[in-house]
Every structure is written in structure tokens, then in C-alpha cells.
Student: 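Structure incoming, see below.
Numbering of ligands and ligand atoms starts at 1, following listing order.
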Amino acid sequence: MTLHTLSHAQERDRQDKLAPYKNEFYIPANSIYMDGNSLGLLSKRAERTLHELLNTWKTLGIDGWTEGEHPWFYLSEQVGEKMAPLVGGMQGETIATGSTTTNLHQLVSTFYKPDGNKTKILADELNFPSDIYALKSQLQLKGYDPDEHLVRVKSRDGRYLQEDDIIEAMTTDVALIALPAVLYRSGQVLDMEKLTKAAHERNIPIGFDLCHSIGAVEHQLHDWGTDFAFWCTYKHLNGGPGSVGGLFIHEKHFGKTPGLAGWFGSKKGSQFDMDHKMDPAEDAGAYQIGTPHVLSLAPVIGSLEMFEEVGMAAIREKSLELTAYMLELVEQELTDANFIIGNPVDETRGGHLLLEHEEAARICKALKEDGVIPDFRTPNGIRLAPVALYNSFEDVWHTVQKLKVIMDEKRYEKFENKRGVVA
Ligand SMILES: Cc1ncc(COP(=O)(O)O)c(C=O)c1O
Ligand SMILES: Nc1c(O)cccc1C(=O)C[C@H](N)C(=O)O
């Protein structure tokens, strides 16, 4: 099969319309970066907008709030609007603010309204720990025991969730549902439309964590009627470490009082009246709390330009091609290596793949030594994300070839099978 050959990969790169975007990014020297699902790479455009905002601070001081190319006062709203097409949001439904976990706190503070027997929050046992910690603490704040009131839908196999199991758990005592859009380990994309419909048939508000889906898969949150969503911008959106997150509030909830208030949630025109009676924004802007982290928002401006230019449909299409190619190569080249494919092989896979192996921690170390950057997820997962904007088919080919040599020669054996502090 020609799939084996480097020239096949190179031919696919020649036909790839997104290939020129690789040059827009700084790729760490001598490496093949497969970790954009954890921290996306710096682009020249993100670097440019970061410098532009530094320069407005340098040259305008306090006037940077209202002057310069990107007046800081309106930036969260403007970047929010640019993120709307990525989540299927309408005017005013998206805002750039906070971080994933703080936005989740804000949204649960707003949408979790326990009433009588309806006191439970429904999540899942495969969710990212930070979300679970936040949900538990929100229950505690309301005086409920998280062991009893946080319901975590079980996975049948430790990898995936069945939508029907989640729907079955939407019982009359559930007051709120918070689920991932794409699971951080297996990369499974949940059917958000189906889950939203089922939740609403039972009168339960529902929201999704889009950390691993935004910039990798398409969403239609407005059309699906999803109540809320929240995300980070440092993975597939390439905003940089700790870049500002985002949230979505369906327009049917405009005018609702956010659980956590602060002056940046005010209408722009009245914020500086300094009145102790707040005049909140009508839309998602109301969910901001304090001063925006302007320098952590700055790279996102440049990075989003590329998403606007290319569009999510083309990004998703290439991402699916890259992951399909990687899966084919793994199947052909690594048959004897005892990997278990831990991600969906159909199109319910997100932007990354998960290879399970009992030696995963040290296989990751051997890959890094060889210039391939994966990440390890405890207890036995190697995540690999070939990213549409900066990875090539050739990158995928080399990754699998290097992995094959590592496995054939057991080159991982010289490392300890233990994760690093930041894995
Ligand atoms: C699914 C998911 N939720 C939440 C988080 C935590 O996000 P943050 O640290 O930005 O609050 C992460 C990643 O760190 C994540 O992958
Ligand atoms: N947020 C991270 C960090 O501050 C350091 C290292 C990794 C991260 C991540 O985002 C991890 C990621 N959410 C994951 O899916 O595992």
C-alpha cells in the first residue's frame, strides 16, 4: 500500500489547501508538535497582536482603554464576537472572559437553582477534574453534600460515554447538567444537540465545556438551544499559556442576572457612572466580572484571524483527514506493539487521538527524545493531536515511523514509566 510511503504523505501535503498556514507558526526547533490539544503553538499573527497591545500600553498609557488599534475597553466583546462562528453563536451570545474554571463557576452560580427535590447536578465520571472540583464546591456553597448531589454518569468501558446513559440519568431531581463537548482523554465528541433536546424535554438547563472542541470541531449552540458553554483559548485556538477563556449564553437568557457580579459586567455606557446599583449588560457581556486580562487576550486577536480566514468546516475536514491517516498508519505499522486505540475511530472523534499502552509514560519520554511532542494522560494514555493549521501529513508519517522504531527497539526501556510533574 502506498500509504506506507513518505512520498504519499508529501503528495497529500502538496494537495492540502491549508498547508501554507504551517509557516504562520513557530514550530519548536527540531520537533514535530503533536500537543496542540494541551497548548497550541504561537503564530506570527498572535505575536504581532501581543506586540501591538504592549505598544499601546507603552505609547498611550491609560488612554489605551479607549484609543489605539484595539481599545482595551471593548476588546472582550470584540474577541467574543470573533469566537461566535466557532461555537455557532449569534450577536452578543459570546464573550471573551475569565478562564474555563472561573467561567464554569460563574455559569453554575447563575443556572443552578435548586428547588424542592430538584437539587442535583448531573456530570460524568470521565470529566476533567477541574470541572468536577468546581461543581462540588458549588454544591457545598449551597449547603449540599457533593457525594449525594453530584451525579456522575458512568462510562461502560472507561473511555466513552453513551448519550442514552446520560439521558437516562436526567431524572426529575436534576437541576443542572454540565458535560464536556469532547472528552479530554478519548477525544469522543458528545452529541450536544441530542443531549440538549433531551435535557430541555425534562426542563433541565444544560451547558458544555468546549475546551477540547473549540477550534477543532464545529458547534451550532444557538440552533441547538444549548443554555450555556465555556472554554479556554490556549489549546486549539492557540492563544498562549493562560490566555483568556470564553463563554456562551443563549439569547433566550439575555437579561438574566448572573450569579457573580462585578463592574465589567455593566453596560459600557454606564460602567463609569460608578453607581452602587449595577446596570448590567443585556447579553453575554453581563457575565464578566473584573478588569479584562488584556495582555492575555492580545494574542487571541491575531490567532482568530486565521480561523476567520479558513473557516471551521475546512479545519474540521483536514483534522479528520489527519487523524484518519494517523489511525491507518498506526494500524499498518504498529500491529505488534500492543497499542489499544482509545479514541472513537468513526467521526465522533475530536481533534486528538489516544493510544493506550501500559508503558505509555515512558513511550512519551522516548518520543520526546526523538523530537515528537505528545502528552501523557494517566494511567496509560498517549495523546496525539495532528492540528489542521500547523501539522502536515508528513508530520503524521514521521510520528508513526518514530513510534515504530521506539517500539521495535524497545527504546522506551531506558526511561522510568512515570509521569512528569506537568504531564
Ligand atoms: C476539559 C477541560 N476543562 C477544564 C480545564 C481547566 O481549564 P483552566 O485551567 O483554563 O480553568 C481543562 C484544561 O486544563 C480542560 O481540558
Ligand atoms: N491548562 C494546562 C496547564 O496549565 C498546564 C498543563 C496542561 C494544561 C492543560 O490544559 C491540560 C489539558 N486541559 C488536558 O486536557 O489535559
Student: Partners of A216 by side chain to side chain contact (heavy atoms under 4.5 Å, CB included), sequence neighbours excluded?
Tutor: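 Residues passing side chain to side chain contact (heavy atoms under 4.5 Å, CB included) with A216: H236.
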Student: Per the ring-ring contact (aromatic ring centres under 6.0 Å, His included) rule, what does the pair list look like for residues 152-208, sequence neighbours excluded?
Tutor: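 Counting only pairs at least two positions apart or across chains, the ring-ring contact (aromatic ring centres under 6.0 Å, His included) contacts touching residues 152-208 are F128-Y184.
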Student: Between R45 and E309, does any NZ, NE, NH1 or NH2 come within less than 4.0 Å of an OD or OE carboxylate oxygen?
Tutor: yes
Student: Consider only side-chain N and O atoms of S303 and S43, and report whether a donor and an acceptor are under 3.5 Å apart.
Tutor: no
Student: Is the closest side-chain donor-acceptor distance between H70 and Q78 under 3.5 Å?
Tutor: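 The answer is no; no qualifying pair exists.
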Student: Can you tell which of N103, T101, T102 makes a side-chain hydrogen bond (donor to acceptor under 3.5 Å, both in side chains) with S99?
Tutor: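 Going through N103, T101, T102 one by one, the side-chain hydrogen bond (donor to acceptor under 3.5 Å, both in side chains) with S99 is satisfied by T102 alone.
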Student: Run the salt-bridge test on E305 and R48 with the 4.0 Å N-O cut-off and return the result as yes or no.
Tutor: yes
Student: Applying a heavy-atom distance cut-off of 4.0 Å, which protein residues contact ligand 1?
Tutor: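 These residues qualify: S99, T100, T101, F128, D131, D209, C211, H212, Y234, K235.
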Student: Decide whether W72 and T66 meet the rule of one side-chain donor and one side-chain acceptor closer than 3.5 Å.
Tutor: no
Student: Would you mind writing out a table of all protein N or O atoms found under 3.5 Å from any N or O atom of ligand 2, naming both atoms and giving the distance to 0.1 Å?
Tutor:
from: ligand 2; atom 1: 1 (N); to: Y234; atom 2: OH; distance (Å): 3.1
from: ligand 2; atom 1: 10 (O); to: K235; atom 2: NZ; distance (Å): 2.8
from: ligand 2; atom 1: 13 (N); to: K235; atom 2: NZ; distance (Å): 2.6
from: ligand 2; atom 1: 15 (O); to: H212; atom 2: NE2; distance (Å): 2.8
from: ligand 2; atom 1: 15 (O); to: R383; atom 2: NH1; distance (Å): 2.8
from: ligand 2; atom 1: 15 (O); to: R383; atom 2: NH2; distance (Å): 3.3
from: ligand 2; atom 1: 16 (O); to: R377; atom 2: NE; distance (Å): 2.7
from: ligand 2; atom 1: 16 (O); to: R377; atom 2: NH2; distance (Å): 2.8
from: ligand 2; atom 1: 16 (O); to: R383; atom 2: NH2; distance (Å): 3.1

Student: Hey, are K154 and D165 close enough for a salt bridge, meaning a charged N less than 4.0 Å from a carboxylate O?
Tutor: no
